[in-house]
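Read through the structure below, which is laid out as structure tokens, and then see the notes.
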Amino acid sequence: MDPKEFLTGYLNDFSDLVKPDEDVVQKLTEVTDLLKIIHSKENKALIFGNGGSAAIASHFSVDLTKNAGLRCVNFNEADLITCFANDYGFERWVEKAVDFYGDEGDLLIVISSSGSSENMLNGIKAARNGKFKAVVTFSGFEEDNPL
């Protein structure tokens with residue numbers, strides 16, 4: 001494919017994705033409200049992602065801390081991931097991080113393009129133990145997406 005053709009298609013697809021939509025704006029407003037509640041109660045957000053989503057989670061976490069004053073933790077440390085994956089299985093490393101680091105009233109944020117990563121799904125199940133204030137997910141695909 002010609003680079004010009006590729007870039008035109010890519011930018012058109014991207015601009016379609018970021019156009020304001022009433023449903024998306026409403027959901028993001030609800031997330032903003034949750035973040036304000038977490039901040040006011042001095043709780044924190046635990047933010048997870050795999051691969052490129054891990055980089056987004058890291059950047060999002062730093063932005064929320066620096067710009068909103070919200071305590072955030074993201075888990076991109078190879079030693080922590082490989083320790084939990086080695087001891088509990090890769091599909092359970094997020095669940096174990098949620099168990100070890102989550103406190104009463106915290107917020108879990110999971111970023112997953114496919115929405116079908118077992119480690120992220122198990123982390124969400126662990127956060128739904130009644131201890132967390134809420135779970136927020138950001139994912140890229142609507143079809144066959146368990147998130």
Side-chain angles (χ1 to χ4, degrees), residues 1-40 43-86 88-99 101-102 105-129 131-147:
M1 177 183 286
D2 172 54
K4 204 172 193 179
E5 183 182 341
F6 170 79
L7 289 169
T8 300
Y10 178 86
L11 292 171
N12 282 331
D13 289 345
F14 183 76
S15 65
D16 286 342
L17 289 172
V18 296
K19 285 182 183 166
D21 167 284
E22 186 60 37
D23 186 45
V24 171
V25 170
Q26 178 58 39
K27 288 178 181 176
L28 290 174
T29 300
E30 292 171 18
V31 171
T32 301
D33 292 342
L34 275 171
L35 293 170
K36 288 178 182 177
I37 291 168
I38 297 302
H39 185 309
S40 72
N43 286 101
K44 66 185 174 301
L46 282 70
I47 307 176
F48 291 88
N50 285 324
S53 296
I56 293 168
S58 178
H59 189 105
F60 187 42
S61 175
V62 170
D63 279 351
L64 285 174
T65 298
K66 179 181 154 212
N67 298 320
L70 182 68
R71 292 186 316 130
C72 295
V73 182
N74 70 80
F75 297 86
N76 290 337
E77 300 86 10
D79 54 343
L80 180 131
I81 295 169
T82 57
C83 173
F84 284 176
N86 185 58
Y88 305 107
F90 186 75
E91 69 283 353
R92 294 188 62 210
W93 84 263
V94 175
E95 168 193 350
K96 298 316 284 182
V98 165
D99 288 344
Y101 291 95
D106 284 349
L107 173 66
L108 176 67
I109 299 174
V110 172
I111 304 169
S112 173
S113 292
S114 70
S116 61
S117 299
E118 285 297 315
N119 57 357
M120 298 297 147
L121 294 169
N122 288 332
I124 290 169
K125 288 177 191 169
R128 290 197 169 136
N129 62 11
K131 180 165 74 169
F132 277 68
K133 172 75 176 164
V135 173
V136 173
T137 63
F138 293 100
S139 58
F141 307 112
E142 293 183 27
E143 291 184 33
D144 299 321
N145 185 336
L147 288 182

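One distance of note links NE2 of His59 with CG of Leu64; it measures 10.0 Å at 0.5 Å rounding. The CZ atom of Phe60 sits 6.5 Å away from atom CD1 of Ile111, with the distance rounded to the nearest 0.5 Å. A distance of 7.5 Å separates CG of Leu70 from CD1 of Ile38, quoted to the nearest 0.5 Å. Remark: Met120 CE to Leu108 CG distance equals 9.0 Å, nearest 0.5 Å. To the nearest 0.5 angstrom, Leu121 atom CG is 11.5 Å from Glu95 atom CD. Summarising the geometry, atom CZ belonging to Phe138 is positioned 10.5 Å from atom CD1 belonging to Ile56; distances are rounded to the nearest 0.5 Å.
In this structure, a donor-acceptor pair under 3.5 Å is present between the side chains of Glu30 and Gln26.
Side chains of Asn43 and Leu107 form no contact here, defined as non-hydrogen atoms less than 4.5 Å apart. Using a 4.5 Å heavy-atom cutoff, the side chains of Lys125 and Asn122 are in contact. Within the 4.5 Å cutoff, the side chain of Lys27 has no heavy atoms near those of the Val31 side chain. In this structure, the side chains of Phe90 and Asn50 come closer than 4.5 Å at one or more pairs of heavy atoms.
Here the closest heavy-atom approach between residue Lys19 and residue Asp16 is recorded as NZ-OD1, 3.2 Å. Here the closest non-hydrogen pair linking Ala45 and Ile109 is CB-CD1, 4.3 Å. Of all the heavy atoms in Lys133 and Leu34, the pair that sits closest is CG-CD2, 4.2 Å. Nearest approach of Asn129 to Lys131, heavy atoms of both residues: OD1-N, 2.7 Å. Here the closest non-hydrogen pair linking Ser112 and Ser116 is OG-N, 4.1 Å. Taking both residues in full, the closest heavy atoms of Gly123 and Val94 are given as CA-CG1, 3.7 Å, listed atom of the first, atom of the second, then distance.
The closest donor-acceptor contact from the side chain of Ser61 to the backbone of Ala57 lies at 3.5 Å or more, if one exists at all. In this structure, Lys96 contributes its side chain and Tyr88 its backbone to no donor-acceptor pair below 3.5 Å. When atom types are taken as modelled, the side chain of Asn76 and the backbone of Ala54 share a donor-acceptor pair closer than 3.5 angstrom. At least one donor-acceptor pair closer than 3.5 Å links the side chain of Asp106 to the backbone N or O of Lys44. Listed for the Ser15 side chain is a donor-acceptor partner under 3.5 Å among the backbone atoms of Asn12. Side-chain N or O atoms of Ser117 include none that pairs as donor or acceptor with a backbone N or O of Asn119 at under 3.5 Å.
More than 12 heavy atoms of other residues, nucleotides or ligands shown are found within 6.0 angstrom of CD on Glu77.
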Evaluation steps, side-chain contact (heavy atoms from CB on, under 4.5 Å), between Leu46 and Tyr101: CA-CA 8 Å; Leu46 282 70; Tyr101 291 95; 4.1 Å; yes

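A ring-ring contact (aromatic ring centres under 6.0 Å, His included) with Phe75 is found for one member of Phe48, Trp93, Phe84 and no other, namely Phe48.
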